[in-house]
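Below is one structure, written out as structure tokens, with a few remarks after it.
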Amino acid sequence: MARKYLLKRTAQIEEQKPAADESRFQINYRQQLNPSQYEAVSAVEGNYLIIAGAGSGKTRTLVYRVARLTELGYDPSSILLLTFTRKAAKEMMDRAAILLDNRCSKINGGTFHSFANIVLRKYARAVNLENGFTILDQSDSEDVINLIRGQMNLSQHKKRFPNKTTIFKVLSFSANTEKKVEDILDEDYPHFSEYLDKILDIQKVYSSYKRKNNLLDYDDLLIFLRDFLLGFSPATKSFLSGIKFTMVDEYQDTNKLQAEIIRGLSQVNQNVMVVGDDSQSIYSFRGANFKNIMGFPKLFENVKVITLEENYRSTQEILNFSNKVIEYSAEKYPKHLFTRKTGGELPGIISAANENMQSRFIVERILELREEGIELNDISILFRSSFHSFNLEIELNKAKIPYVKFGGMKFIETSHVKDMLAFLRIASNPSDYVSWYRVLLLHEGIGPKKAQMIMDEIASKNMSLKGNPEAVVGKKYNDRIFNLFTLLHDIHTRNHLPAEKSELVFKYYEPLFIEKYDDWNKRKKDLEIFMNLAENYRSLESFLSDMALEPPNESLVDVEAEDKEEERLTLSTIHSAKGLEWHTVFILHAIEGFFPSAQSMDKLESIEEERRLMYVASTRAKQNLYVCYPMHIFDRHQGMTFSKPSRFIDGMQEEIAEQWLLEE
């Protein structure tokens, strides 16, 4: 008698779930984590929202979950971890590899934009792209808009027309939030509303210019990725079948586009874990959407919310203050931060007669802390807006206290680094006309008209980098243009490494660079850093992508020679301080109109974001917190006027904060 064998449909065969036999694990997860962290780490399939209060060990939780999934037998390459900085992704992967073993470094980790870049290059055809596209950074995008703005002859308007930076901000905000341009103008730039049609024309031309020249800006990376995922083509299904788990850090900072990308990633395997803190959602000006984290349980099926409330950073006294600040939020996930740390002092609310007395108090208190053994590196002064610290900076300079203030010129935005990049971008994508324009104008005797004429010849294929420069350039151009084409021909056609190409560009660029910049000697250090960075890459495409997506931050041009005394006090806006911590924190100008800012007064959601800013600022402190305000401020129309303490500290109970009144 024949043996019967029953065929099952493939869809019915469930993947065997690895059994969780914890005794065989290398790591004792239950012992090394608190109960809430353990619950989040041991979560496997399903959708999870981890509300991670300030200082509650969210990075540790993500790292341990990566290790545990790997120990359970899941393929590390099927785990996707999305972050907002490459540094954060690298730190988590490195920590997981140290915690368990090198398998953890094989997970897919990176920023939304770098992940989009990798996916789009692999699946370019599926979204009608050429995979050799060039990425425009913000200042490149602004230059393209400026080119279009110039061609549209907008200077004929008698009233001021918005500049390239404003136009780019409006278009980018529209792309990230999916708000109409006209609504953005009405809300934030009502004085430019009459130019709506012209701005929409610029948007159309900018969009077609990018498509024609194989260019993508930051927003395009997210838009194309979103469309690729939600289009759910066979290529998408194939790609998504390889992603078993999606994890997202700092979910409260996502915008509408990023939330849609996460939804798209969950179409095959609904295993999404997002980690964030609704009380630290402070980036709406960048397009971040507070509603993403609040609405997550409605967007995904059967979401489990796990709250991390044990704080490992601050004293209970500081946490009581922070809990009280956020208690009055109109919309939040309930949480109450607590710690096992003991021996704290009450935060101080410091009222000074005027701004200068506020500054002198901070200087004196810093000198006292210094004598108590607290290093300057472990002290920070935080403020709502950069100009709030000007008076303090004068007093710090008088007292010879060295400090660093966040918010200088970024490395990638310096014109000399952009010059070097322009040569390499042309070598990678000869249709990059913004880079052509920049490079041509470096040469003596070439102005905008002649540059446009040469670019027209390149566009019409009369001049190509593939051809022999002698045949291509001809007699109508001078030696400088011949030498330029010879260089670009070499770096475009020869299979050199990025470091070798950069070296060739530098040799050519150096005399132009010395001619162009009076302070070239200072700037040269940036170019040396640039060439050192190129040494780390095997392909020009990946080097240019990283320089656009994850560039180093600081330029050396404006950085003075390091003081022999390496200690430095930190001055920072609260937005720049998120994620950092110090032993002692001073918060400046806690008065109505300054913090919360006057611009936030007309909308409830804006006031709520200001409240979250105060929460972020206060939770940066580990041991000491001083919230300062001047009782009188100078107004240039009214002279010296009374100020009103910020609503976030006004009426704070004496068991939560100690009131200090400064006297001469």
Side-chain angles (χ1 to χ4, degrees), residues 188 279-286 321-322 324-326 328-329 347-363 365-366 379-396 403 405-407 569-578 580 582 584-621 625-652 657 659-662:
D188 300 322
S279 299
Q280 296 188 68
S281 177
I282 58 172
Y283 294 117
S284 65
F285 67 95
R286 290 186 195 159
F321 179 91
S322 308
K324 185 54 84 174
V325 166
I326 212 70
Y328 300 106
S329 282
I349 293 178
I350 321 296
S351 46
N354 52 42
E355 185 179 8
N356 185 252
M357 190 184 270
Q358 174 184 251
S359 300
R360 283 186 291 135
F361 160 74
I362 291 170
V363 167
R365 190 73 193 103
I366 287 167
I379 304 172
S380 176
I381 292 108
L382 304 181
F383 29 85
R384 174 66 185 82
S385 300
S386 193
F387 69 89
H388 292 177
S389 69
F390 290 170
N391 184 274
L392 174 65
E393 289 172 53
I394 293 166
E395 293 301 320
L396 289 169
Y403 62 88
K405 185 174 178 180
F406 284 95
L569 182 71
T570 298
L571 271 61
S572 175
T573 61
I574 300 162
H575 286 103
S576 297
K578 188 170 164 288
L580 304 174
W582 293 270
T584 298
V585 168
F586 296 85
I587 300 172
L588 277 189
H589 274 325
I591 54 177
E592 291 288 294
F594 281 71
F595 192 3
S597 71
Q599 289 83 358
S600 67
M601 301 291 197
D602 56 344
K603 277 190 198 165
L604 175 64
E605 58 258 42
S606 301
I607 284 287
E608 287 295 290
E609 183 157 325
E610 296 283 309
R611 182 183 301 284
R612 297 194 292 269
L613 263 177
M614 180 62 85
Y615 173 85
V616 167
S618 61
T619 52
R620 300 310 95 204
L625 175 65
Y626 302 101
V627 185
C628 311
Y629 73 94
M631 293 184 284
H632 300 84
I633 51 165
F634 183 76
D635 180 283
R636 64 190 186 88
H637 299 296
Q638 297 173 291
M640 203 55 102
T641 61
F642 279 109
S643 65
K644 190 180 175 193
S646 167
R647 66 191 70 190
F648 308 136
I649 60 167
D650 197 22
M652 193 70 80
Q659 304 285 338
W660 294 25
L661 179 64
L662 300 185

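Numbers here are sequence positions counted from 1.
- Taken from CG in Asn391 to CZ in Arg360, the straight-line distance is 9.5 Å, to the nearest 0.5 Å.
- Between the OH atom of Tyr615 and the OG atom of Ser281 there is a distance of 12.5 Å, given to the nearest 0.5 Å.
- A heavy-atom distance below 4.5 Å is found between the side chains of Leu661 and Met631.
- Checking side-chain atoms of Arg612 against main-chain N and O of Ile282 turns up no donor-acceptor pair under 3.5 Å.
- The aromatic rings of His589 and His388 lie perpendicular to each other, with more than 60° between the two planes, well past the 30° mark.
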- Step by step, would you call Phe594 with Arg384 a side-chain contact (heavy atoms from CB on, under 4.5 Å)? CA-CA 7 Å; Phe594 281 71; Arg384 174 66 185 82; over 6 Å; no
- Item | side-chain contact (heavy atoms from CB on, under 4.5 Å) between Ser600 and Glu609, worked out | CA-CA 9 Å; Ser600 67; Glu609 183 157 325; over 6 Å; no
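- The nearest pair of heavy atoms linking Thr619 to Val616 is OG1-O, 3.1 Å.
- The closest side-chain donor-acceptor pair between Tyr328 and Arg611, if any, does not fall under 3.5 angstrom.
- No side-chain heavy atom of Ile633 sits less than 4.5 Å from a side-chain heavy atom of Glu355.
- By the 30° and 60° cut-offs, the orientation of the rings of His575 relative to Tyr283 is tilted.
- At a threshold of 4.5 Å between non-hydrogen side-chain atoms, the residues Phe383 and Thr573 count as touching.
- Residues Glu608 and Ser329 meet the side-chain proximity criterion, which asks for heavy atoms closer than 4.5 Å.
- Residues Leu588 and Ile362 have side chains in contact (heavy-atom distance under 4.5 Å, counting atoms from C-beta outward).
- The CD1 atom of Ile366 sits 9.5 Å away from the CZ atom of Phe361 when rounded to the nearest 0.5 Å.
- Residues Gly593 and Met601 approach most closely at N-CE, 3.4 Å, considering heavy atoms.
- Classified by interplanar angle (parallel below 30°, tilted 30° to 60°, perpendicular above 60°), the ring pair Phe595/Phe648 is perpendicular.
- Inter-residue side-chain proximity for Ser389 and Ile381 is flagged as unmet; no heavy-atom pair is nearer than 4.5 Å.
- When all heavy atoms of Tyr629 and Ala590 are compared, the closest pair comes out as CB-O, 3.6 Å.
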- Run the numbers on Gln358 and Ile350 for side-chain contact (heavy atoms from CB on, under 4.5 Å), then give the verdict. CA-CA 8 Å; Gln358 174 184 251; Ile350 321 296; over 6 Å; no
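- Between Phe642 and His632, the ring planes are tilted. Angles from 30° to 60° get that label.
- Shown here for Pro596 and Arg647, the closest heavy-atom pair between the two residues is CG-NE, 3.8 Å.
- Among all heavy-atom pairs drawn from Gly348 and Trp660, the shortest one is CA-NE1, 4.1 Å.
- Considering CG of Asp188 and CZ of Phe285, their distance stands at 12.5 Å, rounded to 0.5 Å.
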- Query: Under the side chain to side chain donor-acceptor pair (under 3.5 Å) criterion, do Ser618 and Ser322 qualify, and how do the steps go?
  - Reply: CA-CA 6 Å; Ser618 61; Ser322 308; 3.0 Å; yes
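- Taking all atoms of both residues into account, the shortest heavy-atom contact from Ala577 to Leu382 is CB-CD2, 3.7 Å.
- Note that OG of Ser385 is 7.5 Å distant from CD of Gln599, once rounded to the nearest 0.5 Å.
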- Item | Chi angles and distances behind the side-chain contact (heavy atoms from CB on, under 4.5 Å) call for Ile587, Met614 | CA-CA 9 Å; Ile587 300 172; Met614 180 62 85; 4.0 Å; yes
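- Glu610 places a side-chain N or O within 3.5 Å of a backbone atom of Ser597 that can act as its donor or acceptor partner.
- Taking CZ of Arg620 as the reference point, atom OG1 of Thr570 lies at 13.5 Å (rounded to 0.5 Å).
- With a 4.5 Å cut-off on side-chain heavy atoms, Lys578 and Ile574 do not count as touching.
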